[in-house]
J.: 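The structure is given below, and queries will be raised subsequently.
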Amino acid sequence: MDHHFVGIPELTGVPRVAVVIDVMRAFTVAAWAFSRGVERIVLAETESEALALKESHPGWLALKDGAPAAGFDAVNSPGLLRSRDFAGRTLVQKTTAGTVGALAVANAPLVLCASFVVAGPTARFLQARGDTGPVTFVVTGEDGQADEDLACAEYIGRSVGGGDVEADPYLQRARNSRAAADLAAGLRSGYHPDDVDLCLEIDRFPFAMVARQEESLTVLRPVAVP
């Protein structure tokens with residue numbers, strides 16, 4: 001199937017189906033947050049908006065890229081998030097690439113956010129719709145050039161087409177990516193030494209993540225996939 005793979009700057013118009021990929025680390029973190037009990041994730045355009053949403057909704061939490069900062073309850077690291085208890089909470093997430101990509105296609109009829117940890121469920125979700133026509137994969141890292149995101153997008157795209165697809169070559173590309181090297185070298189703030197490995201756990205979670213408009217907000221929720 002001839003899917004489309006585009007960077008955020010290349011987006012034009014509103015895609016019919018969009019799958020937004022951020023492996024390292026926004027949508028790995030989002031999946032971990034759901035696994036730790038988060039009920040929904042609100043995607044924010046700016047850090048100021050994230051803090052304002054948190055302040056205006058008692059009980060909400062906020063997460064950002066980079067080092068810990070006043071007002072934020074967590075950072076964009078699966079290793080630092082995996083032991084937290086977020087049962088029943090709403091999390092506001094703002095990151096450099098992933099949330100930007102999701103908000104750029106927020107008006108599409110169907111938007112999924114994905115990484116390797118939910119790659120299989122994401123492909124099965126698309127298959128279950130009975131419509132495996134071209135999907136627009138938004139490769140959020142490095143203006144569409146991030147190999148870890150492109151590898152994940154290609155893996156999901158080929159999995160949607162049916163048949164067994166070997167994950168290892170795609171995971172190896174991600175492990176050899178610049179983002180993985182930067183994380184392993186500790187060049188990114190808000191980092192845990194296990195982050196790269198956690199980002200490369202194929203199908204760790206049994207759900208896809210669907211973004212929908214709820215009132216004036218773009219809200220990400222997990223959807224169980226058999």
Side-chain angles (χ1 to χ4, degrees), residues 3-11 18-35 41 43-44 47 63-69 72 74-82 93-105 112-120 122-123 136-159 165-205 209 211 220:
H3 302 302
H4 308 296
F5 303 88
V6 300
I8 297 171
E10 301 168 308
L11 285 167
V19 180
V20 187
I21 307 291
D22 190 327
V23 172
M24 297 183 186
R25 295 165 281 175
F27 297 139
T28 299
V29 164
W32 269 99
F34 288 130
S35 79
I41 295 175
L43 305 180
E47 291 183 9
L63 178 150
K64 64 179 282 293
D65 266 338
F72 286 91
V75 295
N76 194 43
S77 162
L80 295 173
L81 203 73
R82 60 184 166 177
Q93 184 181 31
K94 166 65 179 92
T95 68
T96 304
T99 60
V100 175
L103 290 169
V105 293
L112 294 99
C113 297
S115 62
F116 280 113
V117 297
V118 293
T122 301
T136 297
F137 286 92
V138 183
V139 178
T140 62
E142 300 177 30
D143 290 334
Q145 301 303 309
D147 203 36
E148 74 281 3
D149 292 341
L150 186 57
C152 184
E154 291 175 354
Y155 174 73
I156 294 171
R158 290 180 182 172
S159 297
V165 180
E166 176 58 52
D168 285 349
Y170 300 93
L171 294 170
Q172 192 59 45
R173 280 172 57 190
R175 189 173 292 278
N176 292 335
S177 69
R178 182 165 68 179
D182 287 351
L183 281 174
L187 299 182
R188 299 190 182 187
S189 301
Y191 164 74
H192 187 281
D194 293 340
D195 277 356
V196 172
D197 288 339
L198 292 173
C199 289
L200 300 180
E201 289 187 318
I202 191 74
D203 299 346
R204 169 75 189 238
F205 303 112
M209 301 187 294
L220 190 63

J.: Evaluate the criterion side chain to side chain donor-acceptor pair (under 3.5 Å) for residue pair Thr95 and Asn76; output intermediate values, then yes/no.
T.: CA-CA 8 Å; Thr95 68; Asn76 194 43; 5.2 Å; no
J.: Arg173 versus Leu150: any side-chain heavy-atom pair under 4.5 Å?
T.: yes
J.: Check whether any side-chain heavy atom of Tyr170 sits under 4.5 Å from a side-chain heavy atom of Ile202, and report yes or no.
T.: no
J.: In the structure I gave you, are the side-chain heavy atoms of Arg25 and Trp32 within less than 4.5 Å of one another anywhere?
T.: no
J.: Write down the atom of Val196, the atom of Ala184, and the distance for their closest heavy-atom approach.
T.: CG2-N, 4.2 Å
J.: Ignoring hydrogens, what is the shortest heavy-atom contact between Lys64 and Ala69? Give both atom names and the distance.
T.: CD-CB, 3.9 Å
J.: If I take atom NZ from residue Lys94 and atom OG1 from residue Thr99, how far apart are they, to the nearest 0.5 angstrom?
T.: 4.5 Å
J.: Name the orientation class of the two ring planes belonging to Phe5 and Phe137 (parallel below 30°, tilted from 30 to 60°, perpendicular beyond 60°).
T.: parallel
J.: Check whether Tyr191 reaches the backbone of Leu183 with its side chain - one donor and one acceptor, N or O, closer than 3.5 Å.
T.: yes
J.: Heavy atoms, side chains only, cut-off 4.5 Å: are Pro78 and Cys199 in contact?
T.: yes
J.: Which heavy atom in Ser115 sits nearest to a heavy atom in Cys152, and how many Å separate them?
T.: C-SG, 3.5 Å
J.: Which pair of heavy atoms, one from Ala146 and one from Val139, lies closest together, and at what distance?
T.: O-CG1, 3.9 Å
J.: What's the separation between atom CG in Leu63 and atom OG in Ser77, rounded to the nearest 0.5 Å?
T.: 9.5 Å
J.: Less than 4.5 Å apart, any side-chain heavy atom of Val19 and any of Thr122?
T.: yes
J.: Distance check, rounded to the nearest 0.5 Å: Gln93 atom CD versus Phe72 atom CZ?
T.: 11.0 Å
J.: Which heavy atom of Ala31 sits nearest a heavy atom of Phe205, and at what distance?
T.: CB-CD1, 3.6 Å
J.: Looking at residues at least two apart in the chain, or sitting in another chain, which of them share a side-chain hydrogen bond (donor to acceptor under 3.5 Å, both in side chains) with Glu10?
T.: none
J.: Could you go through the salt bridge (charged side-chain N to carboxylate O under 4.0 Å, His left out) check for Asp194 and Arg82 one step at a time?
T.: CA-CA 11 Å; Asp194 293 340; Arg82 60 184 166 177; 2.5 Å; yes
J.: Any idea which heavy atoms bring Leu43 and Ala102 closest together, and the distance?
T.: CD1-CB, 3.5 Å
J.: Working to the nearest 0.5 angstrom, can you tell me the gap between His192 NE2 and Asp197 CG?
T.: 11.0 Å
J.: Would you mind reporting whether Ile21 and Phe27 have side-chain heavy atoms less than 4.5 Å apart?
T.: no
J.: Quick one, Val105 with Val20, criterion side chain to side chain contact (heavy atoms under 4.5 Å, CB included). Give me CA distance, side-chain angles, the key distance, then yes/no.
T.: CA-CA 9 Å; Val105 293; Val20 187; 3.7 Å; yes
J.: Would you give the length of the straight line joining atom CD of Gln145 to atom OG of Ser177, rounded to the nearest 0.5 angstrom?
T.: 13.0 Å
J.: Can Thr140 and Val100 be said to form a side chain to side chain contact (heavy atoms under 4.5 Å, CB included), step by step?
T.: CA-CA 8 Å; Thr140 62; Val100 175; over 6 Å; no
J.: Is there a side chain to side chain contact (heavy atoms under 4.5 Å, CB included) between Thr28 and Phe116 once you walk through the steps?
T.: CA-CA 7 Å; Thr28 299; Phe116 280 113; over 6 Å; no
J.: Looking at CZ of Arg188 and CG of Asp65, how far apart are the two atoms once the value is rounded to the nearest 0.5 Å?
T.: 8.5 Å
J.: Within a strict 4.5 Å, meaning less than it, do heavy atoms of the Asp195 and Met24 side chains meet?
T.: no
J.: Flag the pair Asp147 / Asn176 as yes when at least one side-chain heavy-atom distance between them is below 4.5 Å, and no otherwise.
T.: no
